[in-house]
Amino acid sequence: MDFQPIASLLQESMEGKKARIRGWIYRTRSSGGVAFVVLRDSTAILQCAVKKSQVPEKQFADAEKALLESAVEVEGIIKKDGRAPGGFEVQATSFRVKQFAQVFPISRDQSPEFLLDVRHLWIRSRELTAAAKVKATVLEAARAFFKSRGYWETTPPLIVSGACEGGSTLFDFNYFGKKAFLSQSAQLYLEALIYSLEKVYAITPSFRAEKSRTVRHLAEYWHIEGEEAYMDFEGLLKFEEELIAFICHQVAKERAEELKRLGRDPSDLLKIKPPFKRLKYEEAVSLLQKKGSSVQFGDDFGAEDEKLLTEHETQPLFVTHFPKKIKAFYMKQDLENPELVFGNDCLAPEGYGEIIGGSQREDDLKEIERRLKEQGSDPKDYEWYLDLRRFGSVPHSGFGLGAERLVRWICKLEHIRDATPFPRVINRSYP
Ligand code: NSS
């Protein structure tokens, strides 16, 4: 008989059937000749009642002795039991310990810093496991959505020679004696790829030397980026909202258990529905001022502003038409109002804030050279990128979605670090 996933045993029809499971000890206690050992596998937890009279003597002694996280194989009969977690238990006929674990360093009420030091063990927790499964489904759904729209998945480089999002958050390193950087965004490379593939996306790590500690910044995060030839700003916003809605629906359908464990009602996600509300930057500034923010036209929104804008919303919303001065050189200017650009942020509701940054791209060579100079960059550093405007330039648009930002909102996580197994934040690269 093969080992069975625990989740497959937690149903009425299994009552009285034989079970063979393996996992790790999640909880354990013994009383009056019975060891109650709760086992955890990747799917669920299940209590095993190991009775002294039902198993060989040595196995009972092992069941009493084995500590948390010991690796165990159990055979027995499934019984309904209202007192057991999940409503079922296994009455063991065999209990084999594969490895006796040492005393597990994690117990209740430990500090966040300590839990980060033992992150390699803490990722076994049920909450982090649930968030990891949601993230896997988010990535799978994103790929499925791009595929349904005829996009090609591509593999842009992570070692790069220039900035995409400005120099202040670049990590540099010695690359065969020359300075090189870790990529902040695949955008410029995706732009190069549209001339052959037209619709492209990439899911890659992006790196940002974020010098402050916040609940929504990582130094290394997974970036879901798309770029499409001939797509205008309107088409871009539609694509973004449909992508977000599709991902939310897939996660609600496939990960309902995990969402509930994390405190998210899956029906919240099923209600996410385009079109999302749109606010021009200027309107957003007045709204914020009315709500008491000190933000002025020309300021970038901080986390607090985004919270004010979204805390009472249940749907994501777009902020569009930002002032040129606060946005990257590659965003196309609004010809009706040349101080503004066709850029957008998509903000998650309930106070979570920005999850996407996107824009229609400037496709005119002269204009983009001018913008580079304005922001203090030397167009010579972007020669290859400018070639894209010399040879067959067409209107195009694209965006970047932060996977952990999205997972944070979907899973209602307090801190973005729990949307990734080994978070990289300021001063931490261990474990
Ligand atoms: O800087 S962005 O707003 N835009 C870009 O990088 C574009 N070059 C993307 C593109 O058009 N292809 O970042 C995009 C998203 C942003 O909305 C966040 O969701 C996420 O990337 N992001 C981050 N997530 C986690 N940690 C940090 N530090 C972070 N920075 C951005």
Side-chain angles (χ1 to χ4, degrees), residues 135 138 142 146 151 154 156 158 160 162-171 181-194 199-228 231 233 236-237 239-240 243-244 247 300-303 306 310 316-320 322 326-332 341-348 352-362 382 385 396-410 413 415-420 422-426 428:
K135 189 178 196 180
V138 162
F146 280 119
Y151 276 59
T154 63
L158 302 186
V160 300
C164 179
E165 294 303 320
S168 70
T169 63
L170 275 177
F171 281 111
F181 306 99
L182 293 176
S183 171
Q184 299 167 310
S185 161
Q187 177 190 327
L188 306 185
Y189 296 92
L190 292 179
E191 285 189 64
L193 284 159
I194 61 163
K199 300 175 181 186
V200 291
Y201 77 98
I203 301 182
T204 59
S206 277
F207 302 89
R208 310 256 169 136
E210 302 286 356
K211 278 143 205 129
S212 55
R213 211 181 259 272
T214 81
V215 295
R216 54 186 218 153
H217 287 93
L218 293 166
E220 176 183 296
Y221 70 96
W222 283 80
H223 209 164
I224 301 170
E225 293 177 276
E227 196 73 31
E228 182 171 331
M231 185 192 256
F233 192 52
L236 174 70
L237 297 181
F239 190 96
E240 290 179 21
L243 169 66
I244 295 294
I247 293 175
D300 219 345
F301 297 154
E306 292 184 5
T310 62
L317 68 88
F318 286 124
V319 180
T320 65
F322 290 89
I326 58 170
K327 287 292 179 185
F329 70 95
Y330 53 70
M331 293 193 182
K332 188 170 182 62
V341 286
F342 288 128
N344 83 276
D345 284 355
C346 178
L347 310 184
Y352 287 96
E354 181 184 343
I355 51 175
I356 294 184
S359 63
Q360 182 167 345
R361 316 306 191 188
E362 184 52 70
Y382 289 84
Y385 181 71
H396 61 289
S397 300
F399 68 92
L401 163 62
E404 291 81 5
R405 292 264 181 107
L406 178 60
V407 170
R408 176 175 174 239
W409 160 51
I410 287 179
L413 303 175
H415 201 297
I416 193 170
R417 66 183 170 219
D418 288 340
T420 199
F422 295 99
R424 295 318 185 211
V425 292
I426 192 163
R428 182 173 287 279

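Counting convention: from 1, in listed order, for ligands and their atoms alike.
At a 3.5 angstrom cut-off on N or O pairs, Y221 counts as close to ligand 1. Checked against a 3.5 angstrom limit, the closest N/O atoms of L401 and ligand 1 fall outside it. Any N or O atom pair closer than 3.5 Å counts here, and S185 shares at least one such pair with ligand 1. For the pair G402 and ligand 1, the shortest N or O to N or O distance falls below 3.5 Å. Ligand 1 has no nitrogen or oxygen under 3.5 angstrom from a nitrogen or oxygen of C164. For F399, a nitrogen or oxygen atom sits less than 3.5 Å from a nitrogen or oxygen atom of ligand 1, counting backbone and side chain alike.
The distance between the ring centers of F329 and Y382 falls below 6.0 angstrom. The aromatic ring centroids of F239 and F146 lie less than 6.0 Å from each other.
Nearest-residue assignment for atom 13 (O) of ligand 1 (options E225, Q187, R208, K327; heavy-atom criterion): R208. Of the candidates L218, L190, N344, it is L218 that places a heavy atom closest to atom 27 (C) of ligand 1.
Scanning the protein for heavy atoms near atom 5 (C) of ligand 1, the closest one is E165 OE2, 3.2 Å. Looking from atom 11 (O) of ligand 1 to the surrounding protein, the closest heavy atom is R361 NH2, 2.8 Å. For atom 18 (C) of ligand 1, the nearest non-hydrogen atom of the protein is R405 NH1, 3.7 Å. The protein heavy atom nearest to atom 15 (C) of ligand 1 is G400 O, 3.5 Å. Annotation: atom 19 (O) of ligand 1 to nearest protein heavy atom, I355 O, 2.8 Å. Of the protein's non-hydrogen atoms, the one nearest atom 16 (C) of ligand 1 is E354 OE2, 3.2 Å.
Here the straight-line distance linking atom OG1 of T154 with atom CG of L190 works out to 5.0 Å at 0.5 Å rounding. With rounding to the nearest 0.5 angstrom, the CD atom of Q184 is 12.5 Å from the CG atom of L158.
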* Report the C-alpha distance between I356 and I224 in whole Å, list the side-chain angles of each, state the deciding distance to 0.1 Å, and finish with yes or no for side chain to side chain contact (heavy atoms under 4.5 Å, CB included). => CA-CA 9 Å; I356 294 184; I224 301 170; over 6 Å; no
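Contacts of Y330 with ligand 1, taken as heavy-atom pairs under 4.0 Å, involve the side chain alone. Heavy atoms of E404 found under 4.0 angstrom from ligand 1: none, in either backbone or side chain.
Using a 4.0 Å cut-off between charged side-chain N and carboxylate O, R216 and E404 make no salt bridge. Between D345 and K327 there is a salt bridge, since a side-chain N of the basic residue sits under 4.0 Å from a carboxylate O of the acidic one.
Residue pairs meeting the salt bridge (charged side-chain N to carboxylate O under 4.0 Å, His left out) criterion with at least one member in residues 202-213, sequence neighbours excluded: E113-R213.
Near I356, with a cut-off below 4.0 Å to any heavy atom, the atoms of ligand 1 are 17 (O). For ligand 1, the atoms sitting less than 4.0 Å from at least one non-hydrogen atom of E210 are 28 (N), numbered in the order shown with element in parentheses.
Checked against side-chain hydrogen bond (donor to acceptor under 3.5 Å, both in side chains), E362 has no partners two or more places apart in sequence or in another chain.
Looking only at atom types and distance, the side chain of E225 has no donor-acceptor partner in the side chain of Y201 under 3.5 Å away. Donor-acceptor pairing under 3.5 Å is lacking for the side chains of E227 and S397.
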